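Basis for what follows: all heavy atoms, side chains included, without hydrogens, waters or symmetry-related copies. Counting starts at 1 for both ligands and their atoms, in listed order. Being a predicted model, the structure only gives us computed values, none of them experimental.
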Amino acid sequence: MKRRVTITVRGAVQGVGFRPFVYRLAVALGLCGGVRNTADGVFIEAEGPEEVLQDFLVRLREERPGPAWIRALEAEFGEPRGCHGFEVRGSEADGVRTAWVMPDLATCPQCVRELFDPGNRRFRHPFISCAQCGPRFSMVEGLPYDRSRTSMRGFPMCLECAREYEDPADRRFHAQTIACLVCGPRLRVLEATGEPIALAAEALRSGLVVALKGIGGFQLLAAAHLDRAVNRLRLAKQRVEKPFALMVPDLAAAAQLGDVGRVEAELLGSSAAPIVLLRARAGSEVRIAPGVAPGLSRIGVMLPYSPVHHLLLADLGFPIVATSGNRSEEPICISEEEALERLGNLADLFVVNDRPIVRPLDDSVVQVVGGREQVLRRGRGYAPLPIELAGSVSVRVPVLAVGGHLKNSVALAFAGNIHLSGYVGDLVTPEAGALFRKTLGDLADLYGVVPERIACDLHPDYHSTLVAEGLERPLVRVPHHRAHVLACMADRGWSAPVLGVAWDGTGLGEDGVIWGGEFLLEEGVEARRVAHLHPFRLPGGEAAILHPSRSAMSVLFEAMGRQGLEWGERRGLWMAGDPWARVVETADFWPWTTSAGRLFDAVAALIGLRSRSSYEGQAAMELESLALGVNMDEIYTFSFDPPVMDWRPMIREMVGEVSDGVEAGLISVRFHNTLAGMIRDVAEFVGCPSVVLTGGCFQNRLLTESSVEQLTTAGFRTAWHQRIPPNDGGLAVGQILAAL
Ligand code: ZN
Ligand code: ZN
Ligand code: FE
């Protein structure tokens with residue numbers, strides 16, 4: 001019997017070739033009717049025999065285009081009205097704009113094939129794309145997603161592109177990014193003539209630094225095997241040791257450099273194409289300058305994700321360093337003017353194009369923890385995909401959360417979802433502040449939502465807090481570590497009660513102490529601090545972040561008194577007579593801290609790994625690197641006198657081991673094991689069956705995996721961050737939850 005079905009598809013279904021997919025499927029099944037984009041997603045009407053319609057519904061879900069994501073598919077059956085053929089109709093601009101903007105999608109395999117096919121009319125076209133790939137969020141100016149509301153609107157289609165665009169059977173049907181050599185954007189090199197890819201490749205081969213206008217902003221590129229090129233980039237970016245990411249020609253090259261398991265391979269080749277942290281392989285035949293990731297056993301690797309990258313890497317055949325095109329602590333440059341002004345003396349050659357970038361998006365960074373993806377920096381390829389709220393949480397009014405101070409990102413919640421912005425960065429320069437304020441309005445404008453409530457950190461001096469106070473809306477101030485715990489719960493869809501282990505560098509606690517080694521029992525309405533690490537003074541305050549030796553002095557003094565300081569000085573952990581060593585003993589005006597991040601610093605300094613850092617977390621990352629490949633399950637002694645978890649016995653044992661010349665790798669593993677043991681003991685004391693691990697310290701894979709193992713063995717249900725960063729980049733999500 002003939003029936004009619006109307007289908008509403010909600011989710012990430014616009015800008016991924018969904019309508020042509022529906023068209024082809026309907027035509028193949030002999031159905032009549034039509035499909036159109038709505039403000040809400042996609043709306044389909046179809047008529048045909050009932051069993052064919054049922055088949056249609058199943059296949060809509062199962063055979064959808066790769067990057068599409070269906071949140072809800074609602075079908076309603078009724079009497080047929082009669083129709084002829086299947087139409088693809090235009091967009092509707094009215095209504096609430098809840099159709100999601102897709103993130104930028106890496107060039108798909110079919111487009112890559114055409115790119116290198118001399119017979120194809122888009123052979124070597126630097127802007128090849130189709131309905132399933134190409135830039136999205138970085139070029140969207142408004143919704144619904146149509147070419148007229150993207151930065152492609154300045155490039156009228158040629159006749160041949162228009163024909164493909166209009167043909168529902170074509171892969172480029174309604175591909176808003178469609179372009180070709182005739183009508184598309186142009187690649188060029190500033191102040192030089194010649195073929196841009198060849199010029200750029202030549203510059204890279206000769207050790208120069210190339211600034212490339214990419215998808216979400218400028219990148220600085222240099223040959224990864226040439227020391228002078230890497231050093232030049234370090235000098236230019238004033239980046240002493242922070243690791244650089246690499247772009248390699250293909251998966252095989254990635255596997256040469258690091259351990260690529262099944263999950264890593266999937267992530268590298270995904271349409272998000274993030275930087276994936278790999279365990280570096282010793283004795284790789286591919287030469288990488290030691291300056292790329294000094295002291296670390298992990299390297300960040302990505303594959304080419306735009307046509308220009310594919311052309312360039314195919315020409316070069318060797319890995320390049322690809323780092324964000326910004327000056328230290330500033331956002332990534334997106335326009336030629338900005339790039340020339342701010343990167344002028346950093347780069348030797350500028351490869352640009354005339355397609356405007358609407359908003360900056362850094363490359364995303366992910367790693368694999370416990371066999372699953374963990375996002376560390378959520379930028380290009382991920383933003384602005386929403387995080388769906390668990391069933392028990394509802395959004396009554398739109399809420400805007402401004403995030404933290406470092407690794408900032410902001411979030412907007414409405415209609416049952418949290419939309420997290422791209423990575424804004426550390427709010428320490430006027431340029432970063434400006435991007436932050438722009439980002440606050442960006443998502444709200446795009447979706448046509450007016451936030452009625454604001455959420456911010458409890459810290460009164462954060463730039464984000466000050467801006468939030470100026471928005472003149474009801475303000476919810478959320479304690480830093482509670483926001484971390486809530487963010488992890490949102491990530492996994494968990495609800496209270498939950499024991500949150502929130503360990504990070506620094507965050508203001510409720511008592512003026514710098515927290516960072518906290519155990520919070522989240523009970524829904526509020527969180528109770530049920531345990532914390534034994535406090536120690538932070539000489540020089542937060543400046544100690546760059547001086548692990550100061551944390552070591554303080555920790556040694558706490559554990560062993562003056563004897564500890566004398567031991568440290570004898571071992572040469574700091575210069576004899578360092579005034580800070582005296583400060584630890586006498587000055588009582590420096591803040592107390594319970595920070596696990598600083599405890600990591602202290603241990604790194606104590607075993608002689610480093611006394612100074614050039615970026616936060618460096619000492620901890622190197623400490624973790626030392627432990628890789630070392631197997632042992634011993635732990636140090638610690639004592640738990642609720643609510644204080646006392647690490648001082650551990651430090652005393654460690655001092656003994658260092659004096660006895662025990663290998664640093666063994667000490668590091670034992671230290672990680674001990675922390676996991678502390679976490680298990682607190683969990684057993686608290687007795688809450690669900691535990692979440694959150695905060696910047698849980699970017700440490702060894703700490704996370706050991707803790708999960710200990711907790712799971714002891715019978716606890718344990719979660720760690722996956723889609724939302726464990727660091728302060730995820731704070732905004734937790735702030736939203738606290739404000740709902
Ligand atoms: Zn494509
Ligand atoms: Zn064209
Ligand atoms: Fe934090």
Colleague: Check whether NZ of the Lys or CZ of the Arg Arg529 lies under 6.0 Å from the centre of the six-membered ring of Trp515 and within 45 degrees of that ring's axis.
Modeller: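 Flagged: Arg529 positioned over aromatic ring of Trp515.
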Colleague: Can you give the angle Cys180 SG - the Zn ion (ligand 2) - Cys158 SG, rounded to 10°?
Modeller: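 Once rounded, the angle between the two atoms at the Zn ion (ligand 2) is 100°.
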Colleague: Just wondering, do Arg171 and Phe173 contact through their side chains at under 4.5 Å, heavy atoms?
Modeller: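 No. Closest side-chain heavy atoms not under 4.5 Å.
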Colleague: Tell me if the centroids of the rings in His672 and Phe600 come within less than 6.0 Å of each other.
Modeller: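 Between His672 and Phe600, the centre distance is under 6.0 Å.
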Colleague: So that I know where these two stand, are Phe519 and His532 an aromatic pair - ring centroids less than 6.0 Å apart?
Modeller: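 Phe519 vs His532: aromatic centres not under 6.0 Å.
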Colleague: Find out whether the Lys NZ or Arg CZ of Arg380 is both under 6.0 angstrom from the six-membered ring centre of Tyr305 and within 45° of the ring's axis.
Modeller: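 The answer is yes, since Arg380 meets both limits relative to Tyr305.
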Colleague: Should Asp146 and His174 be marked as a side chain to side chain donor-acceptor pair (under 3.5 Å) after you check the CA-CA gap, both sets of side-chain angles, and the distance that decides it?
Modeller: CA-CA 8 Å; Asp146 262 329; His174 280 226; 5.5 Å; no
Colleague: What protein N/O/S atoms are there under 2.8 Å from the Fe ion (ligand 3), waters excluded?
Modeller: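 Protein N/O/S atoms under 2.8 Å of the Fe ion (ligand 3): His480 NE2, His484 NE2, Asp504 OD2, Asp728 OD1.
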Colleague: What angle sits at the Zn ion (ligand 1) between SG of Cys133 and SG of Cys108, to 10°?
Modeller: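 My answer is 110°, to the nearest 10°.
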Colleague: If I take the Zn ion (ligand 2) as the centre, what angle separates the SG atom of Cys161 from the SG atom of Cys183? Nearest 10 degrees is fine.
Modeller: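 For SG of Cys161 and SG of Cys183, the angle centred on the Zn ion (ligand 2) reads 110°.
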Colleague: Measure the CG-CD1 distance between Leu486 and Ile736 for me, rounded to the nearest 0.5 Å.
Modeller: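 Result: 11.5 Å between the selected atoms.
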